[in-house]
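Below you'll find the structure, written out as structure tokens, and then a few comments.
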Amino acid sequence: MRYFISFHVLLLMLLSTQPSIGQTIPDQSVTAVLWFQRSAEYRALCYQAYNLAELRAKEYLVNPDMEKQAAVIFDIDETLLDNSPSEALNIIDDKTYSQERWKVWSDLASAAAIPGSLDFCHFLARNDIQVIYVSNRQNTESMATLQNLQKWNFPYADRNHLYLKSDASSKEFRRNVIEKQYNVILLVGDNLSDFDLVFEDRSVNFGYKTVDSLRFELGKKFIILPNPMYGDWTKPLTGERKSWLNTKGK
Ligand SMILES: [Mg+2]
């Protein structure tokens, strides 16, 4: 399926010599999707992130907390599951993101695992560190989401370990609930807002100042995966409240 889609993405790129009004965002997405699907560098960055995550988990295991159950919080989309075929289909169909189009894709429960993610999750499970899934997918997607995770045998893929979006897009409240129960040793995501509330505001200089101030947490407690296709980083580029971005940043 992905080979078929990629071929058409390439074809579309070659043919789209005269972009019209309204095609700007899909056209820009072509390179992002191709890089995600076909660059060895993308795979290398994923392995690098998960190698570092395992190193940090091993450091924790030298002197584990005996009072509180350890856990790692994971985002799902573009952190554990690869939804680039959905992005490619948007390009082919000359559409932008919508909840309806996304739901059709997520119901298929056929997203592949991100390189390195499954091995790391199994490493955690073998060492009695629980995996917690925190995603901005809708609650109506819970069954298909678990089905997709279970398809690849991700550990702890059950309702007790899954925190989907209810009201707020911010994950802060869900993280606070989880941290009452668990010793969260790492957070893994493709969007900085997967880590902490402070990263959500990109209104001043793209949020660089916040990243600079917390740079020593990156690779330490926060493990970030590459995602050039979508995310909060696009907000200051396209306008904060553009409708197609409102519900994105899964
Ligand atoms: Mg994500």
Side-chain angles (χ1 to χ4, degrees), residues 29 32-33 35-37 42-43 45-50 52-53 71-90 96-99 101-103 105-118 120-121 131-142 144-146 148-149 152 154 156-157 161-166 168-175 178 184 186-200 202 207 211 218-219 221-235 237-238 244-250:
S29 297
V33 174
W35 186 80
F36 196 96
Q37 292 193 335
Y42 168 74
R43 292 183 77 78
L45 282 167
C46 292
Y47 287 130
Q48 180 173 272
Y50 279 112
L52 183 55
V72 173
I73 291 179
F74 288 85
D75 168 56
I76 294 178
D77 296 311
E78 281 46 79
T79 297
L80 298 173
L81 295 179
D82 170 1
N83 302 288
S84 63
S86 166
E87 299 294 326
L89 280 169
N90 285 342
T96 50
Y97 173 88
S98 70
Q99 276 290 345
R101 288 180 66 81
W102 168 258
K103 182 78 164 43
W105 161 254
S106 70
D107 278 351
L108 296 174
S110 62
I114 296 289
S117 64
L118 197 52
F120 179 56
C121 287
V131 173
I132 311 290
Y133 304 94
V134 180
S135 167
N136 275 352
R137 290 187 175 202
Q138 306 287 325
N139 276 322
T140 53
E141 297 174 80
S142 62
T145 301
L146 289 175
N148 202 154
L149 292 168
W152 304 117
F154 275 99
Y156 302 105
H161 292 80
L162 182 66
Y163 293 75
L164 298 185
K165 183 179 174 182
S166 49
S169 293
S170 173
K171 296 181 175 179
E172 188 74 358
F173 178 77
R174 283 170 280 172
R175 281 192 296 263
I178 293 161
V184 177
L186 289 171
L187 296 99
V188 187
D190 66 299
N191 205 31
L192 286 166
S193 58
D194 293 327
F195 305 142
D196 196 287
L197 184 66
V198 295
F199 292 115
E200 291 183 15
R202 306 293 177 95
V211 171
L218 294 162
K221 186 164 185 180
F222 306 148
I223 305 292
I224 192 153
L225 275 295
N227 180 5
M229 300 184 295
Y230 65 87
D232 287 351
W233 67 272
T234 61
K235 286 181 179 176
L237 304 179
T238 59
W244 76 281
L245 284 170
N246 265 350
T247 52
K248 239 176 161 194
K250 302 177 288 292

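In what follows, residues are counted from 1 in the order of the sequence shown. The shown structure was predicted, so the numbers you read here are calculated from the model rather than taken from an experiment. Both ligands and their constituent atoms are indexed starting at 1 by order of listing. As a basis for the values below, the full set of heavy atoms in this structure was taken, side chains included, without hydrogen atoms, waters or symmetry mates.
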Legend entry - Exercise: do Glu200 and Ser170 side chains pair donor with acceptor under 3.5 Å: yes
Legend entry - Flag for Tyr230-Glu78: side-chain donor and acceptor within less than 3.5 Å: yes
Legend entry - Among the N, O or S atoms of Asp190, the one nearest the Mg ion (ligand 1): OD1
Inset, instruction - Indicate whether any N or O donor in one side chain lies under 3.5 Å from an N or O acceptor in the other, for Trp102 and Gln138. - result: no
Inset, instruction - Measure from the Mg ion (ligand 1) to every N/O/S atom of Asp75 and report the name of the nearest one. - result: OD2
Inset, instruction - Provide the atom name of the closest N, O or S atom of Asp77 relative to the Mg ion (ligand 1). - result: O
Legend entry - Neighbour count above 12 (heavy atom, 6.0 Å) for Arg43 CZ: no
